[in-house]
Engineer: 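Before I ask anything, here is the structure I am working with.
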Amino acid sequence: ILAGGESGPAVVPHDLDESVLWDAINHRGMRMPPNSKLPANVIEDFKSWIEMGAPDPRVQTGVQVHSQVTAEDIE
C-alpha cells in the first residue's frame with residue numbers, strides 16, 4: 001500500500017489528495033469496489049485512517065517502559 005505500483009503508492013499517510021485508494025473508493029477514476037460504492041460510514045473510516053497516518057495494526061509500535069522498580073522493591 002505504501003510502496004505502490006505503477007500508479008504510485010495507494011495511500012500517502014495524512015494526505016487524502018495524494019492517496020489513489022481514496023480516489024478509488026470515491027469512484028474518481030478507478031472504482032473500488034467496481035460495481036457499487038462502499039457505505040458512507042466505511043468511506044469515512046478510510047478517511048479517518050488515512051488522515052491519522054494509515055497505521056498498520058500488524059506493526060507493533062508500543063512504547064517500551066524501562067522501570068526503575070526492582071524485584072526487591074516488589075518484595
Side-chain angles (χ1 to χ4, degrees):
I1 284 178
L2 298 176
E6 292 178 17
S7 303
V11 173
V12 176
H14 308 287
D15 194 341
L16 292 172
D17 294 331
E18 294 298 320
S19 296
V20 175
L21 177 64
W22 179 247
D23 287 340
I25 64 175
N26 282 288
H27 287 204
R28 295 184 207 131
M30 278 190 288
R31 293 175 169 225
M32 186 177 134
N35 297 324
S36 64
K37 284 184 110 175
L38 294 169
N41 64 317
V42 174
I43 292 173
E44 187 61 32
D45 287 343
F46 272 104
K47 179 182 180 189
S48 297
W49 176 67
I50 294 169
E51 289 177 335
M52 69 190 311
D56 185 339
R58 299 168 299 177
V59 176
Q60 299 296 318
T61 58
V63 176
Q64 189 173 29
V65 177
H66 298 283
S67 175
Q68 299 294 328
V69 178
T70 66
E72 289 176 354
D73 293 333
I74 294 172
E75 279 188 37

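Along the sequence shown, residues carry numbers from 1. Both backbone and side-chain heavy atoms feed into the values below; hydrogens, waters and symmetry mates do not.
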Engineer: Within this structure, what is the CD-OG distance for the pair Glu51 and Ser19, rounded to the nearest 0.5 Å?
Structural biologist: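 Between atom CD of Glu51 and atom OG of Ser19 there are 10.0 Å.
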Engineer: Could you check whether any side-chain N or O of Asp56 sits under 3.5 Å from a backbone N or O of Arg58, counting only pairs where one atom can act as donor and the other as acceptor?
Structural biologist: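 Confirmed, Asp56 side chain pairs with Arg58 backbone.
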Engineer: Would you say that Asp17 contacts Trp22 through its side chain, given a criterion of any heavy-atom pair below 4.5 Å between the two side chains?
Structural biologist: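 No; the side chains remain at least 4.5 Å from each other.
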Engineer: What is the minimum heavy-atom distance between Gly53 and Pro13, and which atoms define it?
Structural biologist: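 Smallest heavy-atom distance, with atoms named: O-CB, 3.4 Å.
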Engineer: Examine Val20 and Ile25 and state if one hydrophobic cluster contains both, with Ile, Leu, Val, Met, Phe, Trp and Tyr joined whenever side-chain heavy atoms are less than 4.5 Å apart.
Structural biologist: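 Val20 does not cluster with Ile25.
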Engineer: Just wondering, are more than 12 heavy atoms of other shown residues or ligands nearer than 6.0 Å to CD1 in Ile1?
Structural biologist: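 No - once you tally the heavy atoms of other residues, nucleotides and ligands closer than 6.0 Å, there are 12 at most.
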Engineer: May I ask you to test the Pro33-Leu38 pair for a side-chain heavy-atom distance under 4.5 Å?
Structural biologist: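 They are in contact (side-chain heavy atoms under 4.5 Å apart), so the answer is yes.
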Engineer: Backbone N or O of Thr70 within a donor-acceptor pair of the Asp73 side chain at under 3.5 Å?
Structural biologist: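 Yes, the answer is positive, given that a donor and an acceptor are paired below the 3.5 Å cut-off.
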Engineer: Would you give the length of the straight line joining atom CG of Leu16 to atom CG of Asn26, rounded to the nearest 0.5 angstrom?
Structural biologist: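 Spacing of CG (Leu16) from CG (Asn26) equals 9.0 Å.
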Engineer: What is the minimum heavy-atom distance between Val11 and Leu2, and which atoms define it?
Structural biologist: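 That closest heavy-atom pairing would be O-CD2, 3.4 Å.
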Engineer: Can you find a heavy atom in the side chain of Asp23 that is under 4.5 Å from one in the side chain of Met30?
Structural biologist: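 The answer is no; the side chains never approach within 4.5 Å.
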